There are 4 protein chains.
Amino acid sequence: MRQGDKRQKILQAAIKVFARKGFFNSRISEIAKEAGVADGTIYLYFNNKYDILITIFEKEMGAIIQKVKSELAGIDDPRKKLERFAYLHLSLVEENRDLAEVIQVELRQSTKFMKEYRNKKFAEYVNIISGIVRGGQASGVFRQDVMPGIFKRAFFGALDEMSRFWILSPRKKYSIATAARQISSFFLEGILTDEARQSS
Amino acid sequence: MRQGDKRQKILQAAIKVFARKGFFNSRISEIAKEAGVADGTIYLYFNNKYDILITIFEKEMGAIIQKVKSELAGIDDPRKKLERFAYLHLSLVEENRDLAEVIQVELRQSTKFMKEYRNKKFAEYVNIISGIVRGGQASGVFRQDVMPGIFKRAFFGALDEMSRFWILSPRKKYSIATAARQISSFFLEGILTDEARQSS
Amino acid sequence: MRQGDKRQKILQAAIKVFARKGFFNSRISEIAKEAGVADGTIYLYFNNKYDILITIFEKEMGAIIQKVKSELAGIDDPRKKLERFAYLHLSLVEENRDLAEVIQVELRQSTKFMKEYRNKKFAEYVNIISGIVRGGQASGVFRQDVMPGIFKRAFFGALDEMSRFWILSPRKKYSIATAARQISSFFLEGILTDEARQSS
Amino acid sequence: MRQGDKRQKILQAAIKVFARKGFFNSRISEIAKEAGVADGTIYLYFNNKYDILITIFEKEMGAIIQKVKSELAGIDDPRKKLERFAYLHLSLVEENRDLAEVIQVELRQSTKFMKEYRNKKFAEYVNIISGIVRGGQASGVFRQDVMPGIFKRAFFGALDEMSRFWILSPRKKYSIATAARQISSFFLEGILTDEARQSS
DNA sequence: TATGAATGAGGTTTCATTCAT
DNA sequence: TATGAATGAAACCTCATTCAT
């Protein structure tokens, strides 16, 4: 067996089980069974149950960040970048439902996770958004009074809530593309009609 | 002791403890201690630990919905309504940090909570937003192509993520009013400059 | 309310509940409810849960012994006495199913009950049987080699097992009279045919 | 350690503890200690406390039935069979006091045990007796008017009550052989003197 | 006497983790 | 490396009993 093959199997199994049951309701024995290894084997690769969770987050978030950054690198227009980010985020959630559920739940799960662990990967991901905003402000496409630190959270939150909805509901009313376009349009142009805009 | 006084004490204690430790890491004995009652007393008022959580959510969400609805009733302009909603949401979080944390965590906590319990209260809260949007569309202030079902999630998600940030970070860079104004401005007007808007 | 009225109510309720659930699975609160009194009231009349059980046994066994003794007093023939005892025993069980169940279960329940409590009432009851035997031996009706100490247990055991069966099975195949006659005939005449008897 | 060795140890320990304290007053921790295993280990072999009790009953009754049946197979005369059964029963009780106590107590313990669990093993055991009776009736040794269904209970009850007495009293007045002979003689020949028999 | 809310000791059971093989 | 039987700490919850009213 290839080095790390078993480790990978355990991580995949954990994602499945954590997504299905939640971290606290998941049993090490269940992960072991799902991974096809013995309970004890897990402790050869991970320090404890919580360590598996952290590892999933670190590893997968790293991959996601890589992917999103490289995809966005080829786009110049900040507007397109934002819309693309929205599409990528929702697509990734769609393609990795289990992982998405784990990250979503555990991201809030324990204060411990968020407070102690001072989530660098998460910050890096969200900072892609503020980077886009700053770029757009520099090129005069985005308003100067937009505070990137607020925007990044608002934009991420919007996408994240949409994702949660999709994870919970088996069938979607809207396509990913539609949702991504709608959400970016909210943030880019707002929801006012032209008349309303002029009158304000 | 007044009827219900002890029940109330237990609920307040639970909010504190759940916020501090998370639901699964909270111990009944700790809640009892915090409430100044015996462990067993808790079971005179609640069926089990989970029942406490549900009760907190139901009760407090109910109160919040009441408050928000009545506050918004006095406002006509949909734009103001939206901004006011943002402000109220962030204020409520600020004023009830522990409760906010519990609701935030538990809202995602267990799939169980969200799937089984079919969160009516939560839906009711979020639907306040879509109601505002529909009102604005009817009066021609908001664009017709805005999908209220997507908007409500995006707007709530934005506020919610902002709240999470505030709950986790002891000190805020921005005032509530600033954040509320920024976020509503994103959604109302977008972040494009006038030039960018015209060129698009 | 008459003195002792409430005490009586509690005892009756306890018999019902103990019979239904068994001593250990019975709750004081359930007895209280069945008796129509408050939980605390029970402790005005009894020291503890176990005390209720003991009291039931003492009290009811006393009454039964009285009744059986007085009924048998009018019979001379030891054979008739034995058969009458059997009939009375089975009838009493039939008429007081709940009580019978409680006594039967608790008679074996805890060694505690039997060992510590050195069941005088029970001994007195069983000794009615050995009394009959000794009487019969004195009058030459019963064989001299019969050991009354063994006989009393065998006879009581036979009736008791029959009762248990009846308590457990809702419908009886045999009438009480039939069973009483059969059982006494076993003990009086045995089950051998005349041929078998002569050949032995 | 041999497979099942630990399971066996737990069962033996449980028999000891149940006999000493009764089922409800026995603590899992006590059984574990007696068996020399950790509390949790018990749950690797049994679902719960009650399951241990059931297992003891099933397993041991099965063994007893085997033993008694095979011993009786070598005897032809129904009279001898009956006497032998009595002797075996009392001997088994004598040799397995703890087990006997557990079975005796739990056999009556909870209605649950008797009603829900539909005691097949127990029925099988008692039916050995009715089998003997029917055999004896077929060969003309036992009277035709004897109802085997009543007899089996009467005979078993007699032995069982005798056993209970022995379990409770440390020292026996009579030998097992004596008791077995007396009891079978009651049932075979009755207790009437020849004169009384002829006069009746 | 009567109440019933409150107590809190304690038991069953679970499950992350260990370690001998 | 891998196993999985064994561990044992610890938590939820029950319920007999108390006591202020």
Side-chain angles (χ1 to χ4, degrees), chain A residues 1 3 5-7 10 24-33 35-52, chain B residues 1 3-7 10 24-33 35-52, chain C residues 1 3-7 10 23-33 35-52, chain D residues 1 3-7 10 24-33 35-52:
Chain A
M1 184 172 282
Q3 255 304 43
D5 197 0
K6 213 161 254 191
R7 183 184 163 89
I10 294 168
F24 283 100
N25 285 320
S26 295
R27 306 295 152 226
I28 285 288
S29 62
E30 210 171 347
I31 296 172
K33 200 177 166 188
V37 301
D39 290 22
T41 305
I42 289 181
Y43 289 85
L44 297 176
Y45 296 94
F46 302 94
N47 295 324
N48 51 45
K49 191 180 160 188
Y50 191 57
D51 187 31
I52 304 175
Chain B
M1 184 172 279
Q3 236 335 36
D5 197 0
K6 214 157 257 192
R7 184 186 162 89
I10 293 168
F24 283 101
N25 285 320
S26 295
R27 307 291 151 230
I28 286 289
S29 60
E30 211 168 345
I31 296 172
K33 201 176 166 187
V37 302
D39 290 24
T41 305
I42 289 182
Y43 291 87
L44 296 178
Y45 296 94
F46 302 94
N47 295 325
N48 50 45
K49 194 179 152 187
Y50 191 57
D51 188 32
I52 305 176
Chain C
M1 183 172 281
Q3 255 303 41
D5 197 0
K6 214 161 254 193
R7 183 185 163 90
I10 293 168
F23 177 74
F24 283 100
N25 286 320
S26 295
R27 308 291 152 230
I28 285 288
S29 61
E30 209 171 346
I31 296 172
K33 199 177 166 189
V37 302
D39 291 22
T41 305
I42 289 181
Y43 289 85
L44 297 176
Y45 296 93
F46 303 93
N47 296 323
N48 51 44
K49 191 180 160 187
Y50 191 57
D51 187 33
I52 304 175
Chain D
M1 184 172 278
Q3 238 331 39
D5 197 359
K6 211 158 260 192
R7 183 185 162 90
I10 293 168
F24 284 101
N25 285 321
S26 295
R27 304 294 151 229
I28 286 290
S29 61
E30 211 167 344
I31 297 172
K33 200 176 166 188
V37 300
D39 290 23
T41 305
I42 290 180
Y43 290 87
L44 295 178
Y45 295 94
F46 302 94
N47 295 324
N48 50 47
K49 195 178 153 187
Y50 189 58
D51 187 32
I52 304 176

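Since the structure is predicted, the reported quantities are computational estimates derived from the model, not experimental observations. Below, chains carry the letters A, B, ... as their sequence lines are ordered, and counting in each starts from 1.
Considering only the side chain of D:Leu44, F:dA5 comes nearest among F:dA5, E:dT1, F:dG4. The side chain of D:Asn48 approaches E:dT13 more closely than any other nucleotide in the set F:dT7, E:dT13, F:dC12. With E:dT7, F:dC12, F:dG4 as the choices, the nucleotide that has an atom nearest any side-chain atom of B:Ile28 turns out to be F:dC12.
In plain terms, the two heavy atoms of C:Asp39 and C:Ser29 that are nearest each other are OD2-CB, 3.4 Å. Closest approach of D:Ile42 to D:Ile52, counting heavy atoms only: CG2-CD1, 3.8 Å. What you find for A:Lys49 and A:Phe24 is that their closest heavy atoms are NZ-O, 3.7 Å.
Using a 4.0 Å cut-off, no side-chain N or O of D:Lys6 falls inside it from OP1 or OP2 of F:dA5. Proximity of D:Arg27 to the phosphate of E:dT12: a side-chain N or O atom is located under 4.0 Å from OP1 or OP2. Remark: C:Tyr45 is in phosphate contact with E:dA2, judged by side-chain N or O atoms under 4.0 Å from OP1 or OP2.
Residues passing the side chain to side chain contact (heavy atoms under 4.5 Å, CB included) test with A:Thr41 are A:Lys6, A:Val37, A:Ala38, A:Leu44, A:Tyr45, sequence neighbours excluded. Scored by the side chain to side chain contact (heavy atoms under 4.5 Å, CB included) test, C:Asn48 finds C:Tyr50, C:Asp51 as partners (sequence neighbours excluded).
In this structure, D:Tyr50 places its OH atom 18 Å from C1' of E:dT13, rounding to the nearest Å. Summarising the geometry, the separation between CG on D:Asn25 and C1' on E:dT12 is reported as 15 Å, rounded to the nearest angstrom. With rounding to whole Å, A:Phe46 atom CZ is found 15 Å from F:dT1 atom C1'. In this structure, B:Lys49 places its NZ atom 5 Å from P of F:dC12, rounding to the nearest Å. Atom pair C:Arg7:CZ and E:dT1:P shows a separation of 12 Å (rounding to whole Å applied). For the pair C:Lys33 NZ and E:dA5 P, the interatomic distance rounds to 13 Å; values are reported in whole Å. With rounding to whole Å, A:Ile52 atom CD1 is found 12 Å from E:dT17 atom C1'. As a whole-Å value, the separation of C:Phe24 CZ from F:dC15 P is 13 Å.
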Mind listing the N/O atom pairs, protein and nucleotides 19-21 of chain F, below 3.5 Å?
none

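Nearest-nucleotide mapping onto DNA chain E: of D:Asn47 and C:Thr41, the residue sitting toward the 5' end is C:Thr41. Across the interface with DNA chain F, nearest-nucleotide mapping of B:Ser29 and A:Gly36 shows A:Gly36 to be the residue nearer the 5′ end. Nearer the 5' end of DNA chain E, as judged by each residue's closest nucleotide, is the contact made by B:Asp39, out of D:Ser26 and B:Asp39.
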Any chance you could encode DNA chain F as dot-bracket? Rule is Watson-Crick or G-U wobble with both distances under 3.5 Å; [ ] for pairs crossing earlier ones, | for another strand.
.||||||||||||||||||||

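Taking atom P in both F:dT21 and E:dT1, one finds a spacing of 22 Å when rounded to whole Å.
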